[in-house]
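Structure, as structure tokens:
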Amino acid sequence: EKGLIHSFDDIFILTVGDVEELEGFKEKSINNLLSAIEKSKKISLPRFLVSLSIDHVGEETAEDLADHFKTISKLQQAELSELEKINGVGPVVAKSVYSWFQNKAQQKLLKDLLAEIKIKSQQITNLMVGKLKGQTFVLTGTLDMLTRPEAKAKIKALGGEVAESVSKKTSYVV
């Protein structure tokens, strides 16, 4: 209502003066809000990719993209054919990612966001070794023995890949 935020990158430039004008915000709540915003300025590449709301890109796809490209600038420069070759990224997702980064409005948003935040360097999360090397799993429904994050971690620890949707690269649906 006050016009402080027009797009989601505007949240990173809020000041004490901006928030003081809002009803119900006192010193403690202002400090808590601005502290939380400051903390959120440091983000992992997969989490950043999810936050961009690119169609068809969820947590697993974001991890796959981050593991492959390591930096946002390399991902920005990726060709459609390179995106399609990534395990866990099919033609629909690849086109969505490619189109997002080619869009002028999205390029401006990304530039504005990158001026305010710091993306943590991407660590090598999976050396692709282990009993499940080369296998791709899609987890669906509920699991009796493990939570979904635990199952994903175990599959990855054994060298397997976890995808969000079934594709021709899927080895098993669990």
Can you find a pair of side-chain heavy atoms, one from Leu14 and one from Ile37, that are under 4.5 Å apart? yes
Give, for atom CD of Glu116 and atom CD of Glu38, the distance between the pair rounded to the nearest 0.5 Å. 9.5 Å
Which heavy atom in Ser165 sits nearest to a heavy atom in Val138, and how many Å separate them? O-CG2, 3.5 Å
What about Ile155 and Val173, same hydrophobic cluster or not, with Ile/Leu/Val/Met/Phe/Trp/Tyr joined at side-chain heavy-atom distances under 4.5 Å? no
Taking C-beta and beyond as the side chain, do Thr140 and Val174 meet within less than 4.5 Å on heavy atoms? no
So how far is it from Glu63 CD to Ser44 OG, rounded to the nearest 0.5 Å? 8.0 Å
Would you say the side chain of Asp112 lies within less than 4.5 Å of the side chain of Leu114, judging by non-hydrogen atoms? no
When clusters are formed by joining ILVMFWY residues with side-chain heavy atoms under 4.5 Å apart, either directly or through shared neighbours, do Tyr98 and Val92 land in the same one? no
So how far is it from Lys169 NZ to Thr136 OG1, rounded to the nearest 0.5 Å? 8.0 Å
Is there a side-chain contact between Leu146 and Lys154 (heavy atoms, below 4.5 Å)? yes
Audit row: Asp10, Leu4, side-chain contact (heavy atoms from CB on, under 4.5 Å) steps and yes/no: CA-CA 7 Å; Asp10 289 339; Leu4 297 174; over 6 Å; no
Common cluster, Val166/Val89, ILVMFWY with side-chain heavy-atom separation under 4.5 Å: no
Main-chain N/O of Leu139 paired to Arg148 side chain as donor or acceptor, under 3.5 Å: yes
Phe69 versus Ile86: any side-chain heavy-atom pair under 4.5 Å? yes
Evaluate side-chain contact (heavy atoms from CB on, under 4.5 Å) for Ile30 paired with Glu20, printing each intermediate quantity in order. CA-CA 7 Å; Ile30 292 170; Glu20 281 178 332; 3.6 Å; yes
Counting heavy atoms not belonging to Lys41, are there more than 12 under 6.0 Å from its NZ? yes
Is Leu45 linked to Trp100 within one hydrophobic cluster, defined over Ile, Leu, Val, Met, Phe, Trp and Tyr using a side-chain heavy-atom separation of less than 4.5 Å? yes
Which pair of non-hydrogen atoms, one from Gln107 and one from Gln102, has the smallest distance, and what is that distance? NE2-O, 3.4 Å
Indicate every side-chain donor-acceptor pair of residues 49-62 with a distance under 3.5 Å to a residue at least two apart or in another chain.
residue: Ser51; atom: OG; partner: Phe48; partner atom: O; Å: 2.6
residue: Glu60; atom: OE1; partner: Lys156; partner atom: NZ; Å: 3.4
residue: Glu60; atom: OE2; partner: Lys152; partner atom: NZ; Å: 3.2

Distance in Å, Glu84 CD paired with Glu79 CD, rounded so as to fall on 0.5 Å steps: 11.0 Å
Once you round to the nearest 0.5 Å, how far does CG of Leu110 lie from CG of Asp9? 10.0 Å
Is Tyr172 atom OH crowded by more than 12 heavy atoms from other residues, nucleotides or ligands, each under 6.0 Å away? no
Short side-chain to backbone donor-acceptor contact, Asn103 and Ser99, under 3.5 Å: no
Quick check against the 3.5 Å criterion: does Asp67 have a side-chain atom that pairs as donor or acceptor with the backbone of Asp64? no
Heavy-atom distance under 4.5 Å between the side chains of Val93 and Leu83, does that happen here? no
Any side-chain heavy atom of Phe137 within less than 4.5 Å of one from Glu161? no
Considering the options Asp18, Val19, Val16, Asn32, which one meets the side chain to side chain contact (heavy atoms under 4.5 Å, CB included) requirement together with Phe25? Val19
Tell me the closest heavy-atom pair linking Ser171 and Gly134, and the distance in Å. OG-O, 4.2 Å
Between CD on residue Gln106 and CG on residue Leu113, distance to nearest 0.5 Å: 10.0 Å
Is there a path of hydrophobic side-chain contacts, each under 4.5 Å between heavy atoms of I/L/V/M/F/W/Y residues, joining Leu34 to Ile13? no
